[in-house]
Peer 1: 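Take a look at this one; I'll ask things after.
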Amino acid sequence: MILDKYPAVLQAVPGGKILLTTTDDFINLGRKYSIWPLTFGLACCAIEMMAAYASRFDFDRLGVIPRPSPRQADLMIIAGTFVKKMAAPVREIYHQMPEPRFVIAMGSCANCGGPFHDAYSVVKGVDKVIPVDVYIPGCPPRPEALIYGVMELQKKIMRMKLAKGGGATLQAEKGSRDPAGGA
Amino acid sequence: MMPRSWPTEVWKDPWSLPRYRAGALWLGGILFGIVLISAVVGELCVWGEKLFAFLSHLGLSVVVVDWIWVLVKLGCVIGLIVANGLWAVWWERKISAHMQSRLGPMYAGGFHGWAQTILDTVKLLLKEDITPASADKVLHALAPVVAIAPCVIAFAPVLFGKELAAAKLDIGVLYIFAFAGISVIGIVMAGWASGNKYSLLGGLRAAAQIVSYELPRGFSVVPIIMFAGSLDLAVIDQAQAGYWFGFFPRWFIFYPVAGQLSFLFFLIASVAETNRTPFDIPEAESELVAGFHTEFSGMKWSLFFLTEYGYVMLASFLLAVFFFGGGAAPLPFLRFIPSWIWMMGKAMLMMFVFLWFRWTFPRLRVDQLMEFNWKFLLPWCFVNIAVAGLILAWGMR
Amino acid sequence: MSINPMNSTPIRSETSGLKTDTLFLNMGPQHPSTHGVLRLGLTISGEVIVEAMPDIGYLHRGVEKLLETRTYAQGVVLADRLDYCSAMSNDLAFCLSVEKLLGAQVPKRAQVLRVIMAELNRIASHLIFFGTYGIDIGAFTPFLYAFREREMVLDLFEMCCGARLTYNYIRPGGVASDINADWIARCREFLDFFKPRLDEYDTLLSFNPIFLVRTQTVGIITPKTAVAWGLSGPNLRASGVNYDVRQAEPYCGYEQYDFTVALGKTGSCWDRYFCRVVEMRQSVRIVEQALSRLASGEIMAKLPKVLRLPAGEAYSHIEASRGDLGVYIVSDGGLAPYRLHFRAPCFINLAILQEILVGKKVADVIAVLGSLDIVLGEVDR
Amino acid sequence: MTREKVLSDILAQVPGASAAAAPVKDYPTVRLSQPSDLPTAARLLKDELGFDYLEMVTAVDWLGPTKTEGFLPAVTPIPFAAKAPALPVTPAAGPDIAYRPVLDLLWSFGNLKTHLKVFLRLEVSREKPEVPSLTGLFPAADWQERETFDLFGVRFSGHPNLTKILTPDFLQGHPLLKDYVHQPDEFDAD
């Protein structure tokens with residue numbers, strides 16, 4: 001793909017780095033203001049996620065609109081308790097999303113199991129199955145917290161660089177990750 | 001304002017807030033600005049004639065000049081469709097947001113999220129393009145193109161102002177309907193090639209729906225064609241020039257009974273043709289995930305979106321030409337305003353109606369949709385043609 | 001415009017001699033309108049459902065096991081998170097059964113507060129239903145209107161207990177915190193604001209012709225079927241069965257309030273929808289009455305800090321937003337319940353899906369499923 | 001019809017039925033002596049006494065206190081303290097209930113006209129818990145019996161589709177049994 005070769009070529013050209021930075025900024029700006037999450041909620045936090053889309057909090061201000069199909073989504077918000085039976089579908093949905101893709105773990109359950117951490121059927125944190133970019137604490141986090149989480153993700157996106165291979169190929173399979181610096 | 005700091009201020013009358021009025025003014029201003037820009041562009045089109053003359057004087061062969069000229073026009077139409085996609089999506093998001101007591105995009109680009117769709121496009125261009133493992137690779141790649149190409153072609157005879165069109169065709173109406181119907185092949189291809197059952201259902205639904213609604217769409221404008229006596233859009237436009245009693249525009253929508261019914265039927269059929277709510281069953285978000293474009297990502301997917309908005313614009317222009325006098329001014333003393341402005345303004349108004357529908361109505365079920373078409377819309381279209389005949393017989397012209 | 005949606009018959013393959021095959025359609029667990037993580041295995045012939053098999057458990061958190069290792073005060077936290085749309089009702093059901101086994105007397109004021117909170121929560125919960133059902137049928141705007149009003153209810157909850165969704169407000173013995181005059185004034189303000197909005201909803205969605213066509217003749221559940229499958233709440237009452245725990249076995253002094261139970265006629269999706277809309281009106285009435293009879297007094301019974309229930313068993317049930325929510329509690333005299341079982345109305349309401357979906361269209365699946373108003377947290381527990 | 005009347009009717013017509021020694025508080029509770037009595041009792045309740053609403057099917061494992069091995073913590077009022085301090089009250093003064101290795105099944109039937117409720121109880125052995133299914137009489141029993149099977153391992157003979165319903169397929173054992181100890185799987189590793 002052109003995008004993969006483009007940074008290497010530019011870095012060799014004198015003054016190309018400035019051009020590269022500008023391109024980075026432009027591309028990142030596009031990604032930053034166009035984070036489309038999957039309409040996908042697991043439990044209680046999903047209601048707060050719905051509230052964040054709705055009138056008072058209005059996620060659309062940040063350009064965040066839900067997409068029902070993982071193929072058109074950039075972000076997966078794991079909103080709610082992540083149980084073992086759900087692990088396989090979530091992993092599959094994550095792989096169906098096109099790169100660059102991001103994951104927000106919303107709420108204590110998705111972070112570490114939350115109040116259900118000692119249950120026999122709950123995965124203690126979604127980062128045991130898929131990589132996570134932003135963790136939002138709370139049980140459930142308020143919509144403001146979710147919006148703050150998305151803003152943190154925007155900051156992360158602005159640090160992404162074409163040259164490092166960030167954005168195009170992020171192959172982390174689990175754990176927490178920084179999109180700016182690979183896994 | 002409330003004495004206490006209630007977290008949600010409950011306004012009995014939002015118009016009493018200066019902020020609210022200012023916002024509405026701004027939005028109105030933006031719409032007006034767009035119309036104005038289009039007006040300037042329209043005026044610049046006069047230079048097109050000069051360009052053509054210049055090209056012919058260069059001493060190139062006629063064939064080459066023709067080719068260059070066609071390419072220029074094609075570029076204009078594609079540019080228009082893309083610009084319309086960018087504009088309409090932003091406009092729709094803003095309109096829907098304000099209908100739903102939200103704000104819509106606010107941050108992208110600074111002022112009221114004006115750059116929202118541009119940045120969306122940047123992102124979509126750089127998204128990974130996925131072809132599912134179970135997909136038919138060739139058809140999957142071809143489908144968006146097959147969907148959008150007829151849309152571009154159909155724009156050839158569309159009137160953007162008085163006698164301003166990419167091509168002057170005597171059978172313009174027929175031509176547009178013929179090509180607009182081809183896009184469904186792209187949609188069915190998309191549904192079939194995705195290797196996804198939801199897509200398949202969406203594609204099948206689209207095939208049934210679009211083919212069925214072709215009929216009432218075509219028959220609903222027969223009265224207009226009878227009134228104008230021609231299939232040429234320019235002639236239809238001209239037929240509505242002038243005023244009754246010196247002030248009442250002779251637009252076809254004001255022709256008694258037949259005009260209004262025809263408008264209604266054409267509007268409904270156009271909404272169904274463009275797959276928008278309440279007839280958006282091929283992509284029915286709550287049932288079929290995303291319908292025929294479930295498995296499309298990145299730019300392939302946005303081509304489908306572009307097609308949808310392209311057809312919305314096509315339908316808006318057709319509505320303006322057929323029923324609202326095209327480039328004619330609503331009142332005689334407003335005739336100094338160029339026809340492009342009236343045309344664009346009317347088309348934008350019609351586009352607003354499309355958006356309005358989308359955010360107000362629930363969705364019909366597939367069999368109800370068919371029943372509505374075959375048992376209600378189509379018979380009444382025929383009745384309407386008879387009514388138009390009676391009107392003509394009584395010398396309405 | 002008159003459309004009869006029922007006279008569409010599936011294509012018969014025997015008559016044509018062509019061989020047709022059924023298609024297995026997997027709906028969920030990630031699907032925009034399965035209201036969470038429900039999975040439906042649909043066998044379809046064209047667009048007609050031949051067999052529907054709901055598959056649940058994608059949110060099974062083992063709450064009943066966890067509660068065996070939680071003290072009663074800690075148990076409220078988990079009860080909150082079952083039916084997260086109406087957490088107050090869960091708290092109430094849990095606390096009522098604990099109090100029943102304990103034999104504790106709840107102060108008058110706490111009882112009225114419980115009624116106020118439960119009914120406000122019912123409004124908030126039905127608003128979620130109203131909004132999401134609109135989305136299911138394809139109208140997006142009602143969702144945003146409903147959430148606008150719901151936010152105001154949540155503001156009220158936030159003022160009295162600090163949480164928006166999972167309140168931990170109703171505790172064994174009473175309620176956690178008192179309300180003040182300001183809260184009452186705002187609550188009245190909200191009720192006055194809300195009543196005309198309900199009429200607006202009727203204009204926007206309830207009597208929209210397309211909505212009527214989509215729901216009025218779809219998913220009909222006869223009273224006999226409804227009782228046999230153990231439906232409860234608005235789903236049961238929409239079929240015309242007058243069973244409301246608030247009147248059948250009054251708790252928290254519901255017998256003193258004047259309200260009518262919304263009853264449907266045909267048991268169609270629209271009836272189930274409209275029962276909930278009417279219930280919102282009734283809840284407004286109940287809250288108004290409760291506000292006027294709020295007398296000063298204690299809000300918490302005198303109970304030890306660490307509860308220890310006497311050995312025995314108790315069952316108490318309430319009319320939660322989604323139906324008859326029962327809590328069966330067994331104590332062996334220890335710090336935690338020996339066994340605790342929730343009679344989850346959503347779980348039992350959902351089971352009927354496999355029967356009523358057969359013969360419907362794919363689009364009806366969403367209409368029927370949405371009208372049952374399930375919350376997966378309670379289905380899977 | 002009163003509670004007493006219902007209770008006496010059932011006791012009179014179902015062989016081996018007796019009023020439960022430890023009833024569910026405030027409700028008539030009948031204890032059946034053997035599984036084969038269950039359909040008789042259910043049919044009597046449904047057809048003759050008007051209890052056509054099956055409210056609840058569940059079970060209690062009377063083996064003893066919940067095993068807190070694995071990662072289930074012991075009960076404490078202060079769960080997040082690093083070292084649980086001494087309880088402010090004296091610990092449980094021995095069980096008040098006779099623990100015994102049985103599964104105590106519970107059915108609750110409602111009468112929607114008289115608003116009465118009656119509980120049926122039946123003890124089965126933990127080794128081979130098997131009772132007749134009520135799905136034929138009450139469709140509502142379908143999922144609730146599956147749930148009881150999934151969480152307790154009670155086999156309902158005659159159930160058309162007795163499979164796991166809540167727990168994931170790879171989970172071994174029946175979690176609500178008191179001696180269930182969770183075996184760590186791939187998701188429990190740190």
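Letters go in sequence order (proteins before strands), and every chain restarts at 1. Nothing here was measured: the structure is a model prediction, and the numbers come from that model.
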Peer 1: For chain C, which of B:Met370, B:Arg102, B:Met99, B:Lys197 has the most heavy-atom pairs under 4.5 Å?
Peer 2: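 Maximum pair count with chain C is reached by B:Lys197.
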
Peer 1: Relative to chain B, which segment of C:Phe143 carries a heavy atom at a distance below 4.5 Å: side chain, backbone, both, or neither?
Peer 2: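 Neither part; nothing is under 4.5 Å.
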
Peer 1: Going by an N to O cut-off under 4.0 Å, is there a salt bridge joining B:Asp120 and B:Lys127?
Peer 2: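 No, B:Asp120 and B:Lys127 are not salt-bridged.
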
Peer 1: Between C:Arg197 and C:Phe194, is NZ or CZ placed under 6.0 angstrom from the six-membered ring centre and within 45° of the ring axis?
Peer 2: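 Relative to the ring axis of C:Phe194, which defines the angle, C:Arg197 lies outside at least one limit.
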
Peer 1: Identify which of C:Asp364, C:Ile44, C:Asn26, C:Val365 forms the greatest number of heavy-atom pairs closer than 4.5 Å to chain B.
Peer 2: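 Between C:Asp364, C:Ile44, C:Asn26, C:Val365, the count favours C:Asp364.
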
Peer 1: Considering only heavy atoms, which portion of C:Tyr145 lies under 4.5 Å from any heavy atom of chain B: side chain, backbone, both, or neither?
Peer 2: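 Looking at C:Tyr145, just its side chain touches chain B.
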
Peer 1: Ring centres of C:Tyr169 and C:Phe157 under 6.0 Å apart?
Peer 2: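 Aromatic pair excluded; centres sit 6.0 Å or further apart.
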
Peer 1: Walk me through whether B:Phe357 and B:Leu267 qualify under side chain to side chain contact (heavy atoms under 4.5 Å, CB included).
Peer 2: CA-CA 11 Å; B:Phe357 270 24; B:Leu267 184 65; 3.8 Å; yes

